[in-house]
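Numbers for residues simply follow the sequence, beginning at 1. It should be emphasised that the depicted structure is a prediction, and the values quoted were computed from it without experimental measurement.
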Amino acid sequence: MSSGASGSARTRYAILGCGSVGHAVAEELTERGKDVLILDRDESRVEALRDQDLNARVQDIAESDVVDELADRDIVLILASDVEANKAAVSAVRETGGDHYVVVRASDPVSEDELRERGADVVINPSTVIADSALQSLETGELEYMARQLAEIIGEGGDRMAILTHDNPEPDSIASATALQAIAEAFGVDADIIYSGDVGHQENRAFVNLLGIDLLARGEAPALSEYATVAAVDLAKAAAEDLELETSIDIYLDHLESEVPFDARFVDVRTNVSSTSTILTKYLQEFDQSPSEAVATALLYGIRAETLDFKRDTTPADLTAAAYLHPFANHDTLEQVESPSMSPETLDVLAEAIQNREVQGSHLFSTAGFIRDREALAQAAQHLLNLEGITTTAVLGIADEKIYLAARSKDIRLNIGNVLDEAFSEMGDAAGHSTQGSLEIPLGIFTGIEASGENRDTLLHLTEEAVRRKLFDALGVEGGSGDGSNGS
């Protein structure tokens with residue numbers, strides 16, 4: 001290899017062994033204007049290549065003198081169908097101490113390993129390449145087929161659609177519903193986004209308000225029976241159980257399997273992606289719909305929120321969807337959404353949680369008492385996770401005759417969602433994943449005491465003690481009897 005090559009010099013290629021694969025590669029590189037030398041031992045083949053104005057020479061690539069032809073080459077592609085000849089060529093190149101970049105063809109996993117051991121930089125197994133290509137084609141075809149089905153249901157179902165989010169919807173659910181609403185509008189169908197519970201977290205409220213997303217509370221929306229089509233996106237367990245009793249679903253989209261099976265006309269559940277926003281982005285692309293600024297910003301925020309800014313369970317599909325959305329999104333709006341002002345209620349909950357914290361090792365438990373905004377518990381748990389030495393937090397609050405617990409963890413050895421489910425699933429609803437979890441339990445299950453004014457303090461103390469003990473036991477934390485410090 002010439003020693004005077006610079007970063008701006010033209011890259012020179014050599015193709016050793018020019019059967020059907022080598023010929024196809026040579027033609028493609030030549031069309032791109034690359035300098036390509038072809039070496040093959042078959043004289044008639046070399047002559048035919050020259051007739052096509054390709055630079056070809058007769059050379060047995062299994063012979064050690066093949067390296068003499070490669071002195072001015074940068075990248076060497078060894079693509080003969082004879083794997084033994086390919087092995088000999090790789091060895092010859094490496095034994096001369098050349099620093100060529102070597103790509104070589106294998107025939108099976110065993111020859112792949114041997115070629116790597118001999119010094120190949122990249123080893124290609126045609127059967128693997130064909131299988132990967134077939135799977136990619138299958139994935140593309142499946143998406144085209146499902147997009148046609150989705151279009152038929154939306155277009156033929158009438159002029160009104162209800163799009164249901166899960167209870168207390170968060171960014172991924174809201175963004176997915178917003179994208180499906182845009183798809184429906186492109187087919188001439190008006191769609192309402194309907195939610196249960198509250199949009200309580202101030203980031204979520206800022207998200208909805210800044211992007212001008214219209215949401216209808218279930219109590220204010222028409223009965224679902226008045227809609228021609230009912231779709232559900234990113235549903236949580238509680239919402240799924242509620243819907244199963246009330247109505248049938250036409251369209252169901254999610255990135256997680258539902259604990260309650262849906263007998264929907266169209267179901268697309270992809271557990272190989274980390275957000276439902278990713279799925280809806282793929283449908284926008286399949287329908288050749290350029291997203292509006294609001295839809296793109298919503299979807300990008302939905303993906304970022306669900307993957308913790310690409311730090312949790314991010315897949316290649318999430319990244320490619322985010323890359324597609326990036327130029328359409330309003331990044332000033334995203335910055336505003338991610339830095340909202342803190343409500344007085346959230347500040348009060350955080351203050352209570354800080355004051356009442358109990359630390360056992362790297363685990364922190366606290367109570368915010370009787371609350372009005374249960375979303376504030378999640379924000380308090382997240383803020384407390386920033387304390388030095390803390391890897392797991394849980395904050396408890398009581399509202400509407402229920403116990404709510406929000407938990408967060410950055411301990412890679414722990415799945416806090418599973419911990420809550422194992423500890424409390426028999427008495428309440430637990431949900432979550434490796435870094436965050438939530439819990440909802442009927443208040444009387446621990447105490448049997450009515451929540452009257454005179455009993456409030458006793459009720460809070462008994463509830464806190466019972467939940468704390470059970471949680472610390474599930475975490476395997478010693479000292480769950482209240483003898484921990486407050487971390488000061």
Side-chain angles (χ1 to χ4, degrees), residues 168 198 200-205 339-411 414 416 419-420 423-424 428 430 432 435-441 443-447 449 451-475 477-488:
N168 310 304
D198 300 303
H201 196 300
Q202 55 244 28
E203 268 193 31
N204 298 347
R205 291 197 296 268
S339 304
S341 57
M342 183 176 288
S343 69
E345 165 73 359
T346 301
L347 187 60
D348 290 344
V349 169
L350 179 58
E352 284 289 318
I354 292 172
Q355 179 65 32
N356 298 326
R357 70 192 186 278
E358 177 183 335
V359 176
Q360 296 288 349
S362 63
H363 304 289
L364 181 151
F365 179 88
S366 189
T367 178
F370 291 86
I371 60 173
R372 294 185 300 277
D373 179 7
R374 66 181 187 178
E375 289 292 333
L377 295 175
Q379 293 167 265
Q382 189 63 49
H383 278 290
L384 290 170
L385 197 61
N386 295 323
L387 289 176
E388 184 178 356
I390 298 299
T391 62
T392 304
T393 62
V395 181
L396 176 147
I398 297 176
D400 303 324
E401 302 296 318
K402 289 184 178 180
I403 303 162
Y404 294 101
L405 184 81
R408 295 291 184 269
S409 180
K410 56 186 178 184
D411 187 341
L414 181 71
I416 191 63
V419 169
L420 294 182
F424 299 100
T435 60
Q436 66 184 52
S438 62
L439 177 65
E440 183 178 322
I441 305 174
L443 183 56
I445 200 165
F446 283 117
T447 65
I449 299 176
S452 62
E454 60 185 19
N455 290 328
R456 283 169 63 92
D457 290 342
T458 300
L459 181 62
L460 181 61
H461 175 72
L462 292 174
T463 299
E464 174 191 351
E465 180 71 9
V467 174
R468 181 183 53 75
R469 281 176 178 271
K470 199 163 185 63
L471 178 61
F472 277 168
D473 285 345
L475 289 168
V477 176
E478 295 183 2
S481 58
D483 58 352
S485 73
N486 69 356
S488 59

Closest heavy-atom pair and its distance - Leu377, Ala368
CD2-CB, 3.9 Å
Can you measure from CD (Gln382) to CG (Leu350) and round to the nearest 0.5 angstrom?
11.5 Å
So how far is it from Ile441 CD1 to Phe424 CZ, rounded to the nearest 0.5 Å?
5.5 Å
Can you name the residues that form a side chain to side chain donor-acceptor pair (under 3.5 Å) with Thr391, not counting sequence neighbours?
Ser362
Heavy-atom donor-acceptor pair, Arg357 side chain to Ile354 backbone, under 3.5 Å:
yes
Sorted by chain and residue number, the salt bridge (charged side-chain N to carboxylate O under 4.0 Å, His left out) partners of Lys410 (sequence neighbours excluded) come out as none
Spacing of NZ belonging to Lys402 relative to CG belonging to Leu439, to within rounding of 0.5 Å:
11.5 Å
Once side-chain contact (heavy atoms from CB on, under 4.5 Å) is applied, do any residues pair with Ser438, and if so which ones, sequence neighbours excluded?
Ala431
With sequence neighbours excluded, tell me which residues meet side chain to side chain donor-acceptor pair (under 3.5 Å) with Glu352.
Asn356
Ala394: side-chain contact (heavy atoms from CB on, under 4.5 Å) partners, not counting sequence neighbours
Phe365, Leu405, Ala407, Leu471
To the nearest 0.5 Å, tell me how far Leu414 CG sits from Leu475 CG.
6.0 Å
Taking only residues two or more places apart in sequence or in another chain, which ones pass side chain to side chain donor-acceptor pair (under 3.5 Å) with Ser409?
Thr392
